[in-house]
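Keep in mind the model is a prediction, meaning the values are calculated, not measured. Residue numbering restarts at 1 for every chain, and letters A, B, ... go by the order of the sequence lines.
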Protein chains: 2
Amino acid sequence: MEEGLVVIPKATVSRLPLYLQALTEYDHLGITLVSSEEIAQKLGITSSQLRKDLSYFGGLGIRGAGYDVACLLGRIKEILGMQKKRRLAIIGAGKLGTALAGYRGLQQHGLEVKALFEIDKGKIGTAIAGVPVYPLAELHAQTARLGLEIAVLTVPAAAAQKVADLVVEAGFKAIWNFAPIRLEVPENIIVQYEDLVAGVLTLVHHLSRKLG
Amino acid sequence: MEEGLVVIPKATVSRLPLYLQALTEYDHLGITLVSSEEIAQKLGITSSQLRKDLSYFGGLGIRGAGYDVACLLGRIKEILGMQKKRRLAIIGAGKLGTALAGYRGLQQHGLEVKALFEIDKGKIGTAIAGVPVYPLAELHAQTARLGLEIAVLTVPAAAAQKVADLVVEAGFKAIWNFAPIRLEVPENIIVQYEDLVAGVLTLVHHLSRKLG
DNA sequence: TAGATTGTTAATCGATTAACAATC
DNA sequence: TAGATTGTTAATCGATTAACAATC
């Protein structure tokens with residue numbers, strides 16, 4: 001079982017947050033043991049798929065009984081890399097940036113929003129949802145000082161590439177990009193795209209297929 | 001070429017918003033003709049994949065030349081069902097709901113935010129980003145009156161299922177769900193999940209795989 | 001042991017891609 | 001015609017699922 005050689009399919013990784021979601025709920029309800037069939041029904045997938053996904057991480061279940069909720073929850077958090085706290089900075093203190101700064105879901109998953117960066121002088125020096133707002137010019141200095149790792153891009157599409165360049169230069173390791181644009185970054189930088197418009201357009205497509 | 005019988009792969013549909021993004025940019029830049037290779041490089045996919053995807057919608061390109069930007073853009077908008085304007089309501093006027101109410105990207109894609117629904121009496125009767133805030137109790141009445149079709153759920157996870165039930169009962173046809181929970185709804189209701197935590201956790205996974 | 005559910009296999013299904021004939 | 005790029009084929013690759021032996 002050599003860690004480095006285990007190849008986890010992309011499709012499996014993409015479902016781990018879903019499993020985390022379901023297991024967290026069972027945990028809160030005080031349920032300590034669940035079958036693959038129960039979890040699968042809750043999530044609208046097949047139990048085969050769930051068992052296959054979990055099998056990549058070794059035998060986590062108990063034959064004849066099911067899965068121990070606490071145990072599985074811990075293992076999934078471990079696989080997702082949630083043991084270690086990560087420090088984020090939000091670039092762009094507009095509506096979306098402000099909303100994310102105060103979003104409790106991040107804190108709950110070990111993600112600490114440590115700084116906001118802006119060019120609007122009216123906002124610089126204030127605090128939004130308890131997070132200090134710095135001038136964009138201080139990006140490099142504050143990144144080192146605060147140990148920032150993940151940059152959340154909530155700037156207009158037209159500015160996104162330039163800001164991405166600054167973020168890379170400042171030493172960030174990953175970008176969570178809300179701007180509806182593909183970024184060009186060095187290949188050692190991790191980019192996660194979060195295009196809200198793409199999501200709702202998929203919905204619109206299904207809607208018009210159904211209703212015309 | 002019978003419209004009703006064309007089966008478009010899910011993977012292809014999921015990439016259409018991406019193509020829309022790239023083509024809109026070419027259009028704004030005044031570029032009228034692009035090759036599959038150019039678009040593919042911009043988006044970080046193979047040109048084969050792009051041509052295969054587009055082939056499901058009939059011959060849209062010009063052999064030896066490439067694709068006419070305006071023509072292709074129009075066709076993709078058509079396929080995504082963007083000709084018709086859609087009316088949305090945001091349920092939950094918290095930080096995220098407020099941010100989405102003022103998000104220009106929705107308007108730009110023919111999505112009109114017509115109403116916000118809340119239980120907080122302090123917000124009811126006011127307008128947020130020009131959108132009137134109604135009490136949740138008026139959901140049914142206003143849905144019919146305003147011709148609302150898509151409900152955007154920006155309520156806490158604990159309230160999401162109950163609100164979803166109300167939304168279905170009120171006559172909405174689709175739900176864009178930001179609450180980190182799977183919803184149980186009748187099968188004629190379209191649900192698009194937009195789990196922000198899932199997105200950032202995927203990023204954290206890649207980050208910890210790379211850095212430990 | 002009897003009942004239940006996992007972990008795994010093997011078949012099936014769907015998506016991606018290289019290659020090239022068609023054709024502008 | 002010569003050059004270029006599409007649309008399509010067929011091979012490859014990866015993901016899903018039904019079925020069942022393993023085992024609690």
Check: Which dot-bracket notation, 5' to 3', represents the base pairing of DNA chain D when pairs are defined as Watson-Crick or G-U with both distances under 3.5 Å, crossing pairs as [ ], and inter-strand pairs as |?
Finding: ..||||||||||||||||||||||

Notebook entry, point to check: What nucleic acid atoms does B/L60 come within less than 4.0 Å of, heavy atoms only: base, sugar-phosphate, or nothing?
Noted result: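 Here B/L60 touches the backbone only, sparing every base.
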
Notebook entry, point to check: Who are the side chain to side chain contact (heavy atoms under 4.5 Å, CB included) partners of A/A65, not counting sequence neighbours?
Noted result: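 A/A65: side chain to side chain contact (heavy atoms under 4.5 Å, CB included) contacts with A/L33, A/I62.
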
Can you name the atoms? Protein N/O to nucleotides 11-15 of chain D N/O, anything below 3.5 Å, with the distance.
none

Distance in angstrom units between [X] [atom1] and [N] [atom2], rounded:
X	N	atom1	atom2	answer
A/D53	D/dT16	CG	C1'	10 Å
B/D68	D/dT5	CG	P	16 Å
A/K52	C/dT6	NZ	P	15 Å

Item checked: OG1 on B/T143 to CG on B/L139, rounded to 0.5 Å ->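 Here the interatomic distance stands at 4.5 Å.
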
Note to self: Return the OH to CG distance between A/Y67 and A/L54, rounded to the nearest 0.5 Å.
What the structure shows: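 So the OH of A/Y67 and the CG of A/L54 are separated by 5.0 Å.
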
Next item on the list: Scan residues 26-47 of chain A against DNA chain D and write down, sorted by residue number, each residue with any heavy atom closer than 4.0 Å; if none is found, say none.
Entry: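 Residues of residues 26-47 of chain A under 4.0 Å from DNA chain D: A/T46.
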
Next item on the list: Answer yes or no: does atom NZ of A/K210 have more than 12 heavy-atom neighbours from other residues, nucleotides or ligands under 6.0 Å?
Entry: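 Correct, the count exceeds 12.
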
Check: For A/I128, does the CD1 atom sit with more than 12 other heavy atoms under 6.0 Å from it, leaving out its own atoms?
Finding: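 Buried by this count: over 12 neighbours within 6.0 Å.
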
Notebook entry, point to check: Got a sec, which residues hit side chain to side chain donor-acceptor pair (under 3.5 Å) with B/D165, two or more places apart in sequence or on another chain?
Noted result: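 B/D165 satisfies side chain to side chain donor-acceptor pair (under 3.5 Å) with B/Q161 only.
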
Checklist line | Set of residues satisfying side chain to side chain donor-acceptor pair (under 3.5 Å) with respect to A/E78, sequence neighbours excluded | finding: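 Here the qualifying residues are A/R75.
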
Note to self: Suppose the criterion is salt bridge (charged side-chain N to carboxylate O under 4.0 Å, His left out): which pairs have a residue in residues 35-55 of chain A, not counting sequence neighbours?
What the structure shows: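 Matches after skipping sequence neighbours: A/R15-A/D53, A/E25-A/K42.
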
Notebook entry, point to check: Which salt bridge (charged side-chain N to carboxylate O under 4.0 Å, His left out) pairs, counting each pair once, include a residue from residues 180-207 of chain B, with sequence neighbours left out?
Noted result: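 Qualifying pairs, neighbours excluded: none.
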
Item checked: Residues in ring-ring contact (aromatic ring centres under 6.0 Å, His included) contact with A/Y134, at least two apart in sequence or another chain ->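 Expected list: A/F117.
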
Item checked: All pairs passing ring-ring contact (aromatic ring centres under 6.0 Å, His included) where residues 178-212 of chain A contributes a residue, at least two apart ->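 Residue pairs passing ring-ring contact (aromatic ring centres under 6.0 Å, His included), neighbours aside: A/W176-A/F178.
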
Within the sub-3.5 Å range, which N or O atoms of nucleotides 20-24 of chain D have a protein N or O partner, and how far apart are they?
from	atom 1	to	atom 2	distance (Å)
D/dA22	N3	A/R63	NH1	2.9
D/dC24	O4'	A/R63	O	3.3
D/dC24	O2	A/R63	O	3.4

Next item on the list: Return no unless some side-chain N or O of A/Y67 is found under 4.0 Å from OP1 or OP2 of C/dG7.
Entry: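 For A/Y67, the contact criterion (side-chain N or O under 4.0 Å from OP1 or OP2 of C/dG7) is met.
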
Checklist line | Residues that A/E149 engages under salt bridge (Lys or Arg N to Asp or Glu O under 4.0 Å), provided they are two or more places apart | finding: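 Result, salt bridge (Lys or Arg N to Asp or Glu O under 4.0 Å) vs A/E149: A/R86, A/K173.
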
Margin query: Can you see whether B/R104 engages B/Q107 through a side-chain donor-acceptor pair at a distance of less than 3.5 angstrom?
Written below: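 No, no side-chain donor-acceptor pair sits under 3.5 Å.
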
